[in-house]
Amino acid sequence: MKIAFTAKGAGWDSEIDPRFGRSDFLLVYDEENDNLISYDNRTIRSVAHGAGPKTAQKLFELSPKVLITGNGPGGNALAALNSSNVAIFTGANGMSIRDAYQAYKDNKLQQQR
């Protein structure tokens, strides 16, 4: 299964980015292949409006089943994500990607409905 994270950097020790739409990076961990890839999302900084839906579109291309983030997506991004089968988990603020993954595995994050 693929699990996506909003991140402030490109590796396991990076901190979760609490933002979704303007997250600096999207990281995707493929549990089956034990492979972590990163997508640099910093170009979104120059977008005045619609950052959330644009980041959601990129997330669709990366095709995860789970998204782990800090605060969760805003209204427009949430509407876009709800049309997919991505389960959204929030509450990972201040955690590293590694710690957020473990918190997810231990059922310590909140699933957004």
Side-chain angles (χ1 to χ4, degrees):
M1 178 173 65
K2 290 183 181 179
I3 301 172
F5 303 86
T6 57
K8 293 183 178 181
W12 279 109
D13 295 322
S14 300
E15 187 176 330
I16 286 285
D17 196 322
R19 306 163 300 172
F20 173 74
R22 296 193 184 277
S23 175
D24 286 343
F25 291 85
L26 295 174
L27 275 57
V28 178
Y29 177 55
D30 185 336
E31 291 180 306
E32 186 176 313
N33 298 319
D34 191 29
N35 185 35
L36 182 71
I37 63 158
S38 70
Y39 170 74
D40 189 338
N41 196 47
R42 291 177 289 187
T43 58
I44 205 75
R45 291 178 184 167
S46 63
V47 174
H49 301 286
K54 287 182 191 313
T55 300
Q57 179 58 43
K58 185 59 188 178
L59 192 71
F60 295 148
E61 293 170 15
L62 298 169
S63 65
K65 295 291 183 197
V66 170
L67 168 65
I68 297 173
T69 186
N71 299 329
N76 290 337
L78 184 59
L81 290 169
N82 281 339
S83 68
S84 70
N85 290 327
V86 177
I88 302 167
F89 290 84
T90 60
N93 286 338
M95 294 182 190
S96 69
I97 300 303
R98 186 181 320 278
D99 290 343
Y101 176 67
Q102 190 59 52
Y104 165 74
K105 297 302 267 182
D106 293 341
N107 295 312
K108 292 183 178 176
L109 300 177
Q110 298 85 39
Q111 185 168 5
Q112 190 170 1
R113 307 239 178 230

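Taking the salt bridge (charged side-chain N to carboxylate O under 4.0 Å, His left out) definition, one finds that K108 meets it with nothing, sequence neighbours left out. Listed by chain and number, the residues in a ring-ring contact (aromatic ring centres under 6.0 Å, His included) with Y39 amount to none (sequence neighbours excluded). In terms of the side chain to side chain contact (heavy atoms under 4.5 Å, CB included) criterion, residue partners of N33 (sequence neighbours excluded) are, by chain and number, D30, N35. For D40, the side chain to side chain contact (heavy atoms under 4.5 Å, CB included) partners two or more places apart in sequence, or in a different chain, are F25, R42. Applying the salt bridge (charged side-chain N to carboxylate O under 4.0 Å, His left out) test to D13 and every residue at least two apart in sequence or in another chain returns R98. For K8, the salt bridge (charged side-chain N to carboxylate O under 4.0 Å, His left out) partners are E15, not counting sequence neighbours.
Contact annotation: the side chain of S84 approaches that of F60 to within less than 4.5 Å [non-hydrogen atoms, C-beta and beyond]. Contact of the V66 side chain with the I88 side chain is not registered, since no non-hydrogen atoms from C-beta on lie closer than 4.5 Å. Put simply, the side chain of L78 does not reach to within 4.5 Å of the side chain of F20, judged on heavy atoms.
The number of heavy atoms from other shown groups lying within 6.0 Å of CD (E32) does not exceed 12. Within 6.0 Å of CG on N76 lie no more than 12 heavy atoms contributed by other residues, nucleotides or ligands.
Nearest heavy atom pair, residue Q110 against residue G91, reads OE1-CA, 3.4 Å. Here the shortest heavy-atom pairing between T90 and G70 reads CB-O, 3.4 Å. Heavy atoms only, all atoms of each residue included: A100 and A92 are closest at CB-CB, 3.9 Å. The nearest pair of heavy atoms linking G72 to Q112 is CA-OE1, 3.9 Å.
Side-chain contact annotation: T55 with N41, donor-acceptor N/O pair under 3.5 Å present. Side-chain contact of T6 with T69: a donor-acceptor pair under 3.5 Å is present, judged by distance alone.
Salt bridge K65/E31: absent, no basic N to carboxylate O contact under 4.0 Å. Look at D24 and R19 and you find a salt bridge, because one of the NZ, NE, NH1 or NH2 atoms lies within 4.0 Å of a carboxylate O, short of that distance.
Rounding to the nearest 0.5 angstrom, the gap separating the OH atom in Y101 from the CD1 atom in I16 is 13.0 Å. The structure places CZ of F5 at 11.0 Å from CE of M95, a figure rounded to the nearest 0.5 Å.
Under a 3.5 Å cut-off, the side chain of S96 and the backbone N or O of S14 do not form any donor-acceptor pair.
Residues I97 and F89 share a hydrophobic cluster, clusters being chains of Ile/Leu/Val/Met/Phe/Trp/Tyr side chains in contact below 4.5 Å. By the rule that hydrophobic residues join a cluster once side-chain heavy atoms approach within less than 4.5 Å of another member, L67 and L109 end up as members of separate clusters. No chain of hydrophobic side-chain contacts below 4.5 Å, direct or via other Ile, Leu, Val, Met, Phe, Trp or Tyr residues, connects L62 to I68. Residues I3 and L27 fall within the same hydrophobic cluster, defined by Ile, Leu, Val, Met, Phe, Trp and Tyr side chains chained together at heavy-atom separations under 4.5 Å. Put simply, M1 and L26 are part of two different groups of oily side chains (I, L, V, M, F, W, Y) that touch within less than 4.5 Å, one to the next.
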